[in-house]
A.B. asks: 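Have a look at this one before I ask anything.
Here the structure is a predicted model, which is why all the values come from computation and not from measurement. Letters go in sequence order (proteins before strands), and every chain restarts at 1.
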Amino acid sequence: MLEQSNRALKLVQLNKVKTASKKPRSNRRLLLGSILPVSLVILWEAASNMGIIEAHLLPAPSAIIASLYQMVLEGTLWGHLGSTLTRVFAGFFIGTFAAIIIGSLVGYLKIIEELVDPIIQALRSIPSLAWVPLFILWMGIGETSKVTLISVGVFFPVYLNMVAGIRGVDRKLIEVGKIYGFTSFQIVRRIILPASLPSFLTGIRSGLGLGWMFVVAAEIMGASKGLGYLLIVGQNTYSPDTIIGSILLFAILGKLTDWFLKVIEERSLRWQDSLANQH
Amino acid sequence: MLSVEQVSRTFNHKQAGLIDVSFSVEEGEIIGILGTSGCGKSTLLRVLSGLDKEYTGKFSLEKEDVGMMFQEPRLMPWLTVEQNVAFGLKGDQKAIVHELLDTVGLSGFEKHYPKDLSGGMSQRTAIARALVTEPEVLLLDEPFSAVDAFTKMQLQELLLSIWKKKNTTMLLVTHDIDEALYLCDRILILKGQPGVLAEVLTIKQSKPRDRTDPDLASIKAEILHVLDLRETAS
């Protein structure tokens, strides 16, 4: 028995070595990574069907899917998805754009840093949800206050990473540009920006994550559409399937958008001499 | 073609840097600058290249006419070998880039990123990048001090072959006496802190030289004597 399992272990290790090269590895990762979630869902479904879990607290996965499907049939789901996505993207782009402009100036010009950085650091220490009542007071509960809140959430991680990235650029590389008589603008465009790209990409990935967090907050505070609104509807109508359904959709959308940024990151950082780029 | 008149640049309340250095360089000459650390060798190159503007004195060299190579390759990691070589060029001049890559023996590596290059190959790329603007003077700041002994000799040969082909004027800062003896027509010895020009030695032997030439060995003894290192170095 023991010998058999040892042999099996060896086989697994052998397979590991073989699959370590190229394509099969990603299949293997997918397979290994899905073992736990898939078995959990099966267990959950079985437990629900046997009545171990009470349906009014935690409905079966099939019931959740069914209620989502119902919304698809009624045509209401797309509206909710659409408004949430629009809010996140609008907030993400505004926040990122502002962070790039301010972050570049602060990172590159000492005087702007001394002028602007203290107040930004002070604003950063305010928990962002504390802005909600003020934004609603100023801008009403329409789209503007929601998008503003999300932009604020996205701004800080992008800004911090942008500034850190620019600060961290090797002075020795900048000297190479100076030897060729580059202007300040050329040095920024050809050396500083590409050199700070890795840090910037890290920033927008965590910015997007915060964007998803803030859209929930914004939509719970008051909305007539969106996945966050569905959460509230589910709470008020005692339908856990709606709540879990929208949580599920948040997870899927968050993962998909992050994956999209990750692909961009990998594509544009192929030159990096990092652990991730080992062949 | 290059004359340097009483150039001074000091740091830390005149405890480091260099003072009153004057010399002139003929076209096609390879000048070695030797000295113990802290005597201002690298500072001299930084002044001549335009990186350090806080100097006094004069020299006749325009910024556009300078190519510079550092101790480290200083390649842009996000650019390929080919793009790195073309870094200082204005516009697209593929032909000259490829000719230089061929000269430094890197044909076939155009599309590689710096992370995939060995130390010697990186320095070859850096040589090509320094030469791509066809500078009148090539400034070399301890260019081979970070590579192993064999790579170092190969790179020295490469530098000589480039000199033969293009008759490039070079200023080579080094702390390797053998390197200076092998490559240079004249050797300037800086001494002290801040450094002053202590001695200028002319080496008449034609290049390429024999690394084991006894005449060079006697010049080496002279250099060691000037540097006051005889007791510790032999």
Side-chain angles (χ1 to χ4, degrees), chain A residues 21-22 100 104 107-108 110 161-162 164-205 261-279, chain B residues 42-43 45-53 61-91 111-119 122 125-135 137-142 146:
Chain A
S21 61
K22 299 239 161 154
I100 290 176
S104 312
Y108 190 60
K110 193 86 189 147
N161 279 288
M162 188 84 200
I166 293 177
R167 289 276 167 70
V169 175
D170 193 350
R171 181 186 53 81
K172 291 174 173 172
L173 294 184
I174 295 176
E175 280 185 356
V176 174
K178 286 188 174 158
I179 292 281
Y180 290 117
F182 281 10
T183 60
S184 296
F185 176 72
Q186 280 174 311
I187 286 178
V188 170
R189 192 174 62 83
R190 300 194 55 187
I191 302 173
I192 293 178
L193 285 184
S196 53
L197 187 67
S199 168
F200 168 70
L201 289 171
T202 309
I204 61 170
R205 272 182 78 186
L261 286 186
K262 196 180 162 196
V263 169
I264 293 181
E265 191 177 4
E266 275 168 8
R267 287 265 164 98
S268 44
L269 296 184
R270 229 172 249 166
W271 50 268
Q272 254 191 340
D273 194 6
S274 61
L275 202 61
N277 281 350
Q278 270 181 343
H279 342 267
Chain B
S42 296
T43 308
L45 283 203
R46 293 179 64 84
V47 166
L48 293 179
S49 66
L51 284 178
D52 190 334
K53 296 189 173 74
L61 193 60
E62 292 302 316
K63 210 173 169 186
E64 303 81 73
D65 304 332
V66 175
M68 177 128 177
M69 209 184 139
F70 301 91
Q71 189 173 348
E72 323 81 21
R74 299 197 185 185
L75 303 177
M76 307 296 146
W78 56 89
L79 298 179
T80 60
V81 166
E82 185 174 54
Q83 291 166 327
N84 262 297
V85 172
F87 192 68
L89 283 178
K90 290 178 183 71
K111 307 288 181 210
H112 283 57
Y113 283 106
K115 68 170 171 130
D116 299 321
L117 300 179
S118 67
S122 299
T125 312
I127 294 177
R129 180 180 65 185
L131 290 170
V132 80
T133 50
E134 305 198 309
V137 181
L138 185 59
L139 305 174
L140 303 136
D141 188 4
E142 304 190 17

A.B. asks: Which pair of heavy atoms, one from B/P77 and one from A/W271, lies closest together, and at what distance?
C.D. replies: O-CB, 3.1 Å
A.B. asks: To the nearest 0.5 Å, how far apart are CG in B/L51 and NZ in A/K178?
C.D. replies: 7.5 Å
A.B. asks: Sort B/F87 into side chain, backbone, both or neither according to what part of it lies under 4.5 angstrom from a heavy atom of chain A.
C.D. replies: both
A.B. asks: What part of A/Q186 lies closer than 4.5 angstrom to a heavy atom of chain B: side chain, backbone, both or neither?
C.D. replies: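 Neither part, no heavy atoms under 4.5 Å.
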A.B. asks: Indicate the atoms forming the closest heavy-atom contact of B/K115 with A/R270, along with that distance.
C.D. replies: CE-O, 3.2 Å
A.B. asks: Quick one: what part of A/I191 sits under 4.5 Å from any heavy atom of chain B, side chain, backbone, both or neither?
C.D. replies: both
A.B. asks: Once you round to the nearest 0.5 Å, how far does CE of B/M69 lie from CD1 of A/I179?
C.D. replies: 12.5 Å
A.B. asks: Heavy-atom distances under 4.5 Å only: say whether B/L75 touches chain A with side chain, backbone, both or neither.
C.D. replies: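 It is the backbone, since no side chain atom gets that close.
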A.B. asks: Between A/E175 and B/R46, is a side-chain contact (heavy atoms from CB on, under 4.5 Å) present by the stated rule, with each step listed?
C.D. replies: CA-CA 10 Å; A/E175 280 185 356; B/R46 293 179 64 84; 2.7 Å; yes
